[in-house]
Amino acid sequence: MPELPEVELVKRQLVESLELPQKILKIEFSRFDLRNPMPRNQKHLIQNQVIVALERRAKYILFKLASGDTLVTHLGMTGSWRFAGTNESPQKHDHVVIQLEPRPPSESVINLIYKDPRRFGFFEFCKNNQQSALLKNLGPEPLNSEFSGAYFYAKLKSFKSPIKSLIMNSKIVVGVGNIYASEALFAAKISPFRQPLRMTKQQAEDLVQAIKNTLKQSLLFGGSSIDDYKHVSGKSGEFQNLHQVYNREGLGCKVCERNIKKKTLAGRSTYWCPNCQK
DNA sequence: CTACGAACCTGCCTGC
DNA sequence: TGCAGGCAGGTTCGTA
């Protein structure tokens, strides 16, 4: 489901609704076999802890606890969070229920529920500011200044796979998934199949800026709702309506009106305009 | 070290 | 109507 804009928006919406700090009364895992085994044996370490902050790193959402411990979560392809009263009936594929401490004036218990049909998401509990192994070896955040044309140009030399694979490689830059890779390449007028070695310094700079702009635009428009991505409130994003190439095979390019093409690259559907992108 | 395909899993859509 | 096949926003693993 989610790439950087969608994950960032989910994190922001959770922060808004949680009114941190917020105490976890109880956490229940109803199944244990997501991408990694659920931290069910650490349940007692999570309960009664206070959430003080939520952070995003790459596509991970980190629940920072007052003790210094962290609950690391990932939405996979189809993960979602929602708030629900205790009287609301559970849905199919609800796997985690976090019961939050009631607050005045309502005094009623609110559950924060994680649902994930395909179960590609995951949860990991990290003690005492220890960093999850999954967060090591990650490249820079695309919206940070560290991700610059100079940085990216220097990385191009050691890779032989096409440029699209490179911008989806989390060692190079995090958060760019299959939608935004195609969209950013279109914005930069660069073919997804281009060999990184054959890119100029200017093109590297253009692509970096295109990635930043595309992600920022998507954030402004509430992310891309293609299939089941929804806001925490259940609302859909709007950025899918602004996609230039993704999911537009056979439709006219919004710039030159020629047909958008689709081809599989490294196992992923890749959309581009052969006329605009060289 | 990189590169590629397969694997994980459910649901939805298409075509026969 | 049913059923098989293909495909989906992510990541890791095994094999070249």
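This structure is a prediction, so every number in the text was calculated from the model and none was measured.
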For this session: Fit a plane to each ring of A:Phe147 and A:Phe152, take the angle between them on a 0 to 90° scale, and name the class: parallel (under 30°), tilted (30 to 60°) or perpendicular (over 60°).
Result: perpendicular

Exercise. Can you give the dot-bracket line for DNA chain C, where a pair is Watson-Crick or G-U wobble with both atom distances under 3.5 Å, crossing pairs use [ ], and | marks a partner on another strand?
Worked result: .|||||||.|||||||

For this session: Establish, from distance only, whether the side-chain atoms of A:Lys262 and A:Asn247 form a donor-acceptor pair under 3.5 Å.
Result: no

For this session: Walk me through it: do A:Phe83 and A:Leu14 pass the test side-chain contact (heavy atoms from CB on, under 4.5 Å)?
Result: CA-CA 9 Å; A:Phe83 290 92; A:Leu14 289 174; 3.9 Å; yes

Exercise. Base, sugar-phosphate, or nothing for A:Arg268, non-hydrogen atoms under 4.0 angstrom?
Worked result: base

Exercise. What is the 5' to 3' range of DNA chain B, first to last nucleotide, that sits under 4.0 Å from any heavy atom of chain A?
Worked result: B:dT2 to B:dG11

For this session: Report the distance from atom CZ of A:Arg35 to atom C1' of C:dT11, rounded to the nearest whole Å.
Result: 5 Å

Problem set entry | Close side-chain approach of A:Val255 and A:Asn275, heavy atoms under 4.5 Å | no

Exercise. Does any donor atom in the side chain of A:Ser233 or A:Gln13 lie under 3.5 Å from an acceptor atom in the other side chain?
Worked result: no

Exercise. Do A:Gln49 and A:Asp69 have side-chain N/O donor and acceptor atoms under 3.5 Å apart?
Worked result: yes

Exercise. Mind checking whether A:Tyr114 and A:His95 have parallel, tilted or perpendicular rings, split at 30° and 60°?
Worked result: tilted

All N/O pairs under 3.5 Å across the protein-nucleotides 14-16 of chain C interface:
none

Problem set entry | Nearest-Å distance once atom P is located in both B:dC9 and C:dG14 | 16 Å

For this session: Assign A:Phe239 to base, sugar-phosphate, or nothing according to its heavy-atom contacts below 4.0 angstrom with the strands shown.
Result: nothing

Exercise. When the distance from CG of A:Leu75 to P of C:dG10 is rounded to whole Å, what number comes out?
Worked result: 11 Å

Name the pairs: protein N/O against N/O of nucleotides 4-7 of chain C, kept only if under 3.5 Å.
none

For this session: Sort and list the pairs that fulfil ring-ring contact (aromatic ring centres under 6.0 Å, His included) and have at least one residue in residues 257-278 of chain A, not counting sequence neighbours.
Result: A:Phe193-A:Trp272, A:Tyr246-A:Tyr271

Seminar exercise, completed: Per nearest nucleotide of DNA chain B, the residue lying toward the 5' end, A:Leu265 or A:Lys171, is A:Lys171

Exercise. Using the ring of each side chain (for Trp, its six-membered ring), is A:His74 parallel, tilted or perpendicular to A:Tyr60, with breaks at 30° and 60°?
Worked result: perpendicular

For this session: For A:Lys64, look at atom NZ and say whether over 12 heavy atoms of other residues, nucleotides or ligands are found less than 6.0 Å away.
Result: yes

For this session: For A:Glu3 and A:Tyr229, test the side chains for any donor-to-acceptor distance below 3.5 angstrom and give the result as yes or no.
Result: no

Exercise. Should A:His74 be listed as having a side-chain N or O under 4.0 Å from OP1 or OP2 of C:dT11?
Worked result: yes

Exercise. Taking C-beta and beyond as the side chain, do A:Lys92 and A:Lys115 meet within less than 4.5 Å on heavy atoms?
Worked result: no

Seminar exercise, completed: Under a 4.0 Å heavy-atom cutoff, the residues of residues 115-125 of chain A touching DNA chain C are A:Arg118, A:Phe120

Problem set entry | Under 3.5 Å side-chain donor-acceptor pair for A:Thr214 and A:Glu183 | no

Exercise. Where do A:Val10 and A:Val232 come nearest, in terms of heavy atoms and distance?
Worked result: O-CG2, 4.0 Å

Problem set entry | Test: A:Arg40 cationic atom under 6.0 Å from A:Phe29 six-membered ring centre, within 45° of axis | no

Problem set entry | Flag side-chain contact, heavy atom, 4.5 Å: A:Arg258 against A:Pro274 | no

